[in-house]
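Letters A, B, ... mirror the listed sequences (proteins, then strands); counts begin at 1.
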2 protein chains.
Amino acid sequence: MVTPNKHLPAEERRAVTVEAVVELAAEQNPSNITTSAIAKRMGLTQGALFRHFPSKDAILQAVMEWVAERLMSRVDKAAQAATSPLSALEAVFMAHVEFVIERPGVPRMLFGELQRAEETASKRMVQTLIHRYGERLHQLIEQGIKDKELDPQLDPEAASTLFIGTIQGLVMQSLLAGDVCQIRQDAPKVFAIYRRGIIYRP
Amino acid sequence: MVTPNKHLPAEERRAVTVEAVVELAAEQNPSNITTSAIAKRMGLTQGALFRHFPSKDAILQAVMEWVAERLMSRVDKAAQAATSPLSALEAVFMAHVEFVIERPGVPRMLFGELQRAEETASKRMVQTLIHRYGERLHQLIEQGIKDKELDPQLDPEAASTLFIGTIQGLVMQSLLAGDVCQIRQDAPKVFAIYRRGIIYRP
DNA sequence: AGAAAGATAGTAATCGATTACTTACTTTAG
DNA sequence: CTAAAGTAAGTAATCGATTACTATCTTTCT
């Protein structure tokens, strides 16, 4: 839960707001999160939010900045610690999955933002985030092919799409089961199939 | 587009309503589709909708019934026409993808329904739809293992999850590109990787 | 056959509830 | 003391849903 302190400095209050939104997104449809619900979660009145953000979309934008930073930082760290492209892909996958388990609202917000018809700042931020993410995957996959670790006939574009879809499928299963932690058990099994589909076979 | 006729018989009007909702779901966030928007798309007043449906959720429920019937019917037909479990899986995949291209709003509505916090009738209908779908995949996969067509160490649960996730990944890519037809080119490439991941290798 | 009668379908106005956002006032911390 | 932070009570717009009423089609009776 979020700290119930009153009279926080502005910067801290904004951070707490982001946390509250991410929490709420794990419990309900992200596009139906109201400013009243956010304020209530923080133990604040609704109007107080607008002391720190000019609009609701600015709140969502701050959330997406937070997501982009945290997710990419963990993904990069996981990739750098690995010793080969394939093990890097696996490490990135598990890091991503672990992030999703900790913050189940995040993938739901990302997908929700992509669905919006309007071209908001938060939507554009999600687009660039996924674009950057896809480029990282691309690099790893192409390096893996060069190193004869991955199938030389592999389509990096398709492999990248499947990588992201794999996680999306796990999220969908967790929505069906109503249990996020199930992902942790299923993720290795699902990645094993993916790994088998991209690996080099002499 | 939907027929602009006035004074349709009740059953036809309900069918037209479902079509309108599916169309709208392809253009905007499904959870933000209003009854006014539906009526406007049909060339009708908003109140007229409630002559044919007791509530908005009843409309969504009708849409989900429509989706479940159409999708499962096409998937079943594709599977029965195939000559082996693996080719059936591929046929189901392509049939599903073709369905998504024709009605891009459908997968977005399914995912959106799953995200809802409330236990509505339409949400439960989506849950049973995906459950049925997963069982079909299960059957095909287990038969494929028996027939020595698929990897004997394959986890049918994980393979089923990955199958659905693969399509979900394609949908996400189409949202990013803003172009649905891209799916048709990418689908075979992505399925090729999936196929490589599950196939039997002596 | 044809007009009256009933049933069905659609309209326009409106309801209370909820939304994002604003304003005027009060409290708190440095 | 003062500026920042929070409260309380508003705003206009929009939501799903209901109302009273009109238009159109179908059935029935002579």
Side-chain angles (χ1 to χ4, degrees), chain A residues 2-21 24-25 27-64 109 112-113 116-118 120-123, chain B residues 2-21 24-25 27-64 109 112-113 116-118 120-123:
Chain A
V2 158
T3 54
N5 292 7
K6 287 209 169 182
H7 275 90
L8 292 181
E11 194 173 350
E12 248 180 273
R13 182 56 81 196
R14 282 194 292 270
V16 170
T17 306
V18 167
E19 286 279 352
V21 173
L24 286 170
E27 302 165 11
Q28 58 182 276
N29 190 328
S31 68
N32 290 345
I33 294 175
T34 65
T35 52
S36 297
I38 299 170
K40 190 177 176 186
R41 174 63 56 111
M42 304 165 62
L44 215 63
T45 57
Q46 186 243 14
L49 283 180
F50 292 90
R51 290 241 165 255
H52 305 285
F53 297 94
S55 68
K56 185 188 179 183
D57 194 67
I59 298 177
L60 298 179
Q61 190 178 346
V63 173
M64 290 309 151
M109 289 199 72
E113 283 293 323
R116 294 176 65 166
E118 331 88 70
T120 61
S122 50
K123 179 180 177 180
Chain B
V2 159
T3 55
N5 293 5
K6 285 207 169 183
H7 273 90
L8 292 182
E11 195 173 347
E12 249 180 270
R13 182 56 82 196
R14 282 195 292 270
V16 170
T17 306
V18 167
E19 285 279 352
V21 173
L24 286 170
E27 302 165 12
Q28 60 181 277
N29 190 327
S31 68
N32 291 345
I33 294 175
T34 66
T35 53
S36 297
I38 299 170
K40 191 178 176 186
R41 173 63 56 110
M42 304 164 62
L44 216 63
T45 57
Q46 183 247 10
L49 284 181
F50 291 90
R51 291 249 162 252
H52 304 284
F53 296 94
S55 68
K56 186 187 180 183
D57 194 66
I59 298 177
L60 298 180
Q61 190 178 347
V63 173
M64 290 310 151
M109 288 200 73
E113 283 291 324
R116 293 175 65 166
E118 331 89 69
T120 62
S122 49
K123 180 179 176 181

Visitor: Between C:dA12 atom P and B:Leu44 atom CG, what is the distance in whole Å?
Guide: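 Taking atom P of C:dA12 as the reference, CG of B:Leu44 is at 11 Å.
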Visitor: Look at all strands and tell whether A:Ile33 reaches a base, only sugar-phosphate, or nothing, counting heavy atoms closer than 4.0 Å.
Guide: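 The answer is sugar-phosphate, as A:Ile33 gets under 4.0 Å only of primed atoms, P, OP1 or OP2.
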Visitor: Side chain of B:Gln46 only, please: which of C:dA20, C:dT11, D:dA17 is the nearest?
Guide: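 Among the listed nucleotides, the one closest to the side chain of B:Gln46 is D:dA17.
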Visitor: So what does A:Ile38 touch, heavy atoms closer than 4.0 Å: a base, only the sugar-phosphate, or nothing?
Guide: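 No contact.
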Visitor: For atom CD of B:Glu11, is the number of surrounding heavy atoms from other residues, nucleotides or ligands below 6.0 Å larger than 12?
Guide: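 Open.
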Visitor: Please evaluate residues A:Leu24 and A:Arg41 with respect to the criterion side-chain contact (heavy atoms from CB on, under 4.5 Å), reporting the C-alpha separation (whole Å), side-chain torsions for both, the decisive distance (0.1 Å), and the verdict.
Guide: CA-CA 8 Å; A:Leu24 286 170; A:Arg41 174 63 56 111; 3.5 Å; yes
Visitor: If you check the A:Phe50 side chain, which of D:dG6, C:dC21, D:dC15 turns out closest?
Guide: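 Among D:dG6, C:dC21, D:dC15, the one nearest the side chain of A:Phe50 is C:dC21.
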Visitor: Could you give the CG-to-P distance, from A:Asn32 to D:dC15, as a whole number of Å?
Guide: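 Computing the A:Asn32:CG to D:dC15:P distance gives 13 Å.
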Visitor: Would you mind reading off the bend of the helix from C:dA1-D:dT30 to C:dG30-D:dC1 from its two end axes, five pairs each, to 10 degrees?
Guide: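 Roughly 10°, once rounded to the nearest ten degrees.
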Visitor: Which of the following nucleotides, D:dA17, C:dT19, D:dA8, is nearest to the side chain of A:Thr34?
Guide: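 Taking heavy atoms from C-beta onward, the closest nucleotide is C:dT19.
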Visitor: Quick check on C:dG10: is either OP1 or OP2 less than 4.0 Å from any side-chain nitrogen or oxygen of B:His52?
Guide: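 So the side-chain polar atoms of B:His52 do come within 4.0 Å of the phosphate oxygens OP1 or OP2 of C:dG10, strictly under.
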Visitor: Tell me: NZ of B:Lys40 to P of D:dT14, nearest whole Å?
Guide: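 Value for this atom pair: 11 Å.
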Visitor: Can you tell me how far apart CD (B:Glu118) and CD (B:Glu113) are? Round to the nearest 0.5 Å.
Guide: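 Answer for the CD-CD pair, B:Glu118 versus B:Glu113, is 9.0 Å.
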Visitor: Could you list all N or O pairs between the protein and nucleotides 24-27 of chain C that sit under 3.5 Å apart?
Guide:
from, atom 1, to, atom 2, distance (Å)
C:dA24, N6, A:Arg51, NH2, 3.2

Visitor: Round to the nearest Å and state the distance from A:Phe53 atom CZ to C:dT22 atom P.
Guide: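 After rounding, the gap between these two atoms is 15 Å.
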Visitor: Starting at atom CG of A:Leu49, determine the distance to atom P of D:dA8, rounded to an integer number of angstrom.
Guide: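 Whole-Å distance recorded here is 15 Å.
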Visitor: In whole angstrom, give the distance that lies between atom CZ of A:Arg13 and atom C1' of D:dG6.
Guide: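 After rounding, the reported distance stands at 9 Å.
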Visitor: How far apart are the closest heavy atoms of A:Gln28 and A:Asn32, and which atoms are they?
Guide: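 The pair with the smallest heavy-atom distance is OE1-O, 3.5 Å.
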Visitor: Any side-chain N or O of A:Thr35 below 4.0 angstrom from OP1/OP2 of C:dA20?
Guide: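 It does, given that an N or O in the side chain of A:Thr35 lies less than 4.0 Å from OP1 or OP2 of C:dA20.
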Visitor: Starting from C1' on D:dT18, measure out to NZ on B:Lys56 and report it in whole angstrom.
Guide: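 Answer to the nearest Å: 17 Å.
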Visitor: Quick one: does B:Val16's side chain get under 4.5 Å of B:His52's, heavy atoms only?
Guide: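 They are not in side-chain contact.
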Visitor: Would you check if A:Ile38 and A:Leu49 make a side-chain contact, meaning some heavy-atom pair closer than 4.5 Å?
Guide: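 Heavy-atom side-chain distance check passes, below 4.5 Å.
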Visitor: Name the residue from A:Ser122, A:Pro30, A:Ser31 that meets the side chain to side chain contact (heavy atoms under 4.5 Å, CB included) definition with A:Met109.
Guide: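 With A:Met109 as partner, side chain to side chain contact (heavy atoms under 4.5 Å, CB included) holds for just one option, A:Pro30.
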Visitor: Kindly compute the distance separating NZ (B:Lys56) from OG1 (B:Thr34), expressed to the nearest 0.5 Å.
Guide: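 Here the interatomic distance stands at 6.5 Å.
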Visitor: At what distance, to the nearest 0.5 angstrom, does CD1 of B:Ile59 lie from CZ of B:Arg14?
Guide: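 Going from CD1 on B:Ile59 over to CZ on B:Arg14, the span is 11.5 Å.
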